[in-house]
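Keep in mind that what you see is a predicted model, and the values were worked out from it rather than measured. All chains are named by letter (A, B, ...) in the order of the sequence lines, taking the proteins before the strands, and each is independently numbered beginning at 1. All heavy atoms count here, side chains included; hydrogens, waters and symmetry mates do not.
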Protein chains: 2
Amino acid sequence: MVEGRHADVMQDSLTAKGRATRARIVEGAAGVLREQGPAVTTLDDIRARTGTSKSQLFHYFPQGKDQLLLAVAQFEADRVLEDQQPHLGRLDTWESWQEWRDAVVERYERQGDECPLGSLFLQVGRSGPGARAIVTELMRQWQEDLARGIRSLRENGLVSPSLDADREAAALLAGIQGGVTIMMSTGDSTHLKAALDTAVAHLRASLHGTAPV
Amino acid sequence: MVEGRHADVMQDSLTAKGRATRARIVEGAAGVLREQGPAVTTLDDIRARTGTSKSQLFHYFPQGKDQLLLAVAQFEADRVLEDQQPHLGRLDTWESWQEWRDAVVERYERQGDECPLGSLFLQVGRSGPGARAIVTELMRQWQEDLARGIRSLRENGLVSPSLDADREAAALLAGIQGGVTIMMSTGDSTHLKAALDTAVAHLRASLHGTAPV
DNA sequence: CCCCGACTGGACTTGCTGGTCCATTTTCTC
DNA sequence: GAGAAAATGGACCAGCAAGTCCAGTCGGGG
């Protein structure tokens with residue numbers, strides 16, 4: 001969706017086998033990058049992992065490594081929201097919020113200290129607007145889903161009508177993001193949980209008087 | 001404090017001139033790294049910026065680039081908390097919290113999309129425990145300061161006594177961290193502000209009944 | 001003032017990695 | 001089934017950047 005500007009001319013001229021290979025490269029590369037980080041990952045690593053040759057890499061990604069990394073970034077970004085479904089799409093009761101919370105925690109605890117997007121972003125980040133666009137779009141979408149969830153709560157009379165849904169969603173998103181970041185460094189998911197739980201508590205407290213911690 | 005294990009033997013045998021040069025290297029390197037990111041920064045860039053020679057770099061950092069990056073990371077980490085003083089040390093009234101909030105926002109808005117620590121962490125990150133230790137210690141200290149601030153509020157009767165200071169501090173720290181991260185990607189400080197303000201609002205709401213957005 | 005060790009300069013080596021090229025095989029299309 | 005286009009294999013190249021080395025200067029303590 002984002003990379004669709006430059007290389008989609010090729011997308012058309014891809015045979016079934018070609019598409020399969022391309023996908024294999026992207027997925028394999030994603031794996032390698034998650035495991036050892038982009039700083040030390042070479043094209044040969046990816047080649048080895050995906051059972052491909054140098055020429056294949058450049059056949060499918062003519063603009064070289066950056067383009068490949070970008071494709072991987074897009075691949076990872078797509079997974080982020082997918083992995084939160086269907087919960088993220090139905091945040092209309094407190095139970096669904098709790099389920100979503102658990103899904104998020106579970107997803108990132110499983111991921112451990114591998115930070116596919118953060119690292120990729122920093123790798124390609126400054127070079128082109130490409131990576132930035134991917135991350136920005138992801139954040140926008142994510143926040144939108146959260147805000148919609150908060151509005152659902154409001155419509156169900158579960159939170160105060162005076163609550164600014166977008167603002168709350170922004171804060172919550174920041175908390176998640178930071179929680180994940182901290183977990184990358186420390187290996188501890190305490191902060192992520194604290195951010196999620198505190199945010200939900202804040203929402204709940206908006207209606208009834210005092211905040212139950 | 002953290003790097004003090006391996007190379008401090010050298011620290012002793014440093015003359016005044018030597019210390020000055022070493023400091024110049026670290027500060028200069030920090031500047032270059034902030035500006036162009038570690039992925040594309042070479043020792044020659046640092047050499048040029050600091051007016052030093054290759055041999056000097058390796059004279060002061062015998063273990064090479066990694067050691068230098070680690071020193072820079074420590075240098076940057078030290079600044080993070082320093083830049084929040086004296087506010088971070090005196091979070092006992094709502095006014096002081098507000099001042100601190102403004103200081104944080106101002107600091108990171110000025111920093112823009114340069115992420116000294118995040119990028120450095122990812123560069124050296126997985127290689128050794130060194131970088132990880134630096135970040136972990138920074139987070140620990142930061143959270144501790146925030147928790148102490150919350151306890152000050154409690155002692156002054158400004159927040160609910162049932163509030164878990166450490167948990168709130170963890171959530172707040174995550175929010176800040178994520179806000180900064182998002183600002184790196186999008187260039188927009190909305191999330192950082194939302195995280196800070198929402199967290200403070202949550203603290204205030206813990207005492208009186210309903211939460212004023 | 002002199003001498004040893006810290007400090008500096010910069011040429012050189014070396015390994016690696018992204019990227020190129022062309023020859024060969026497979027696959028689609030007519 | 002034949003020709004073209006796509007897919008694949010792998011040798012090869014070029015540049016760059018980390019790290020080495022030694023020769024020369026400086027500086028301070030005895």
By side chain to side chain donor-acceptor pair (under 3.5 Å) - contacts of Thr41(A) (at least two apart): Gln36(A)
Nucleotide of dA6(D), dG19(D), dT8(C) approaching Thr21(B) most closely (side-chain heavy atoms): dT8(C)
Upstream residue (5' side of DNA chain C) when Thr41(A) and Thr52(B) are each assigned their closest nucleotide: Thr52(B)
Tyr60(B) side chain near dT8(C) phosphate (N/O to OP1/OP2, under 4.0 Å): yes
Residues in side-chain contact (heavy atoms from CB on, under 4.5 Å) contact with Asp83(A), at least two apart in sequence or another chain: Arg79(A), Arg107(A)
Integer-rounded Å distance: dC7(C) C1' and Arg19(B) CZ: 14 Å
Value in whole Å for how far the C1' atom of dG19(D) lies from NZ of Lys65(B): 12 Å
side-chain contact (heavy atoms from CB on, under 4.5 Å) evaluation trace for Leu88(A) with Leu146(A): CA-CA 7 Å; Leu88(A) 185 57; Leu146(A) 291 175; 4.0 Å; yes
Minimum-distance nucleotide (side-chain atoms of Leu14(A) versus dA7(D), dG19(C), dG19(D)): dA7(D)
Nearest-angstrom distance from the residue atom CD of Gln67(B) to P of dG19(D): 11 Å
Nucleotides 22-30 of chain C: protein proximity per nucleotide (B base, S sugar-phosphate only, - neither; heavy atom, under 4.0 Å): ----SSS--
Nucleotide of dT8(D), dG19(C), dC7(C) approaching Lys54(A) most closely (side-chain heavy atoms): dG19(C)
Salt bridge (charged side-chain N to carboxylate O under 4.0 Å, His left out) partners of Asp45(B), counting only residues at least two apart: none
Nucleotide dG10(C), atom P - distance to CG of Leu43(B) in whole Å: 17 Å
Spacing of Arg47(A) atom CZ relative to dA11(D) atom C1', expressed in whole Å: 12 Å
Which atom of Ala29(A) lies closest to which atom of Thr50(A), heavy atoms considered: N-CG2, 4.2 Å
OP1 or OP2 of dC7(C) under 4.0 Å from side-chain N/O of Gln56(B): no
Integer-rounded Å distance: dG19(C) P and Ile46(A) CD1: 11 Å
Whole angstrom value for the distance that separates P of dA17(D) from CZ of Phe61(B): 20 Å
With Asp145(B) via salt bridge (charged side-chain N to carboxylate O under 4.0 Å, His left out) - residues at least two apart: Arg148(B)
Side chain to side chain donor-acceptor pair (under 3.5 Å) against Trp97(A), all qualifying residues, sequence neighbours excluded: none
Whole angstrom value for the distance that separates P of dG19(C) from CG of Asp44(A): 12 Å
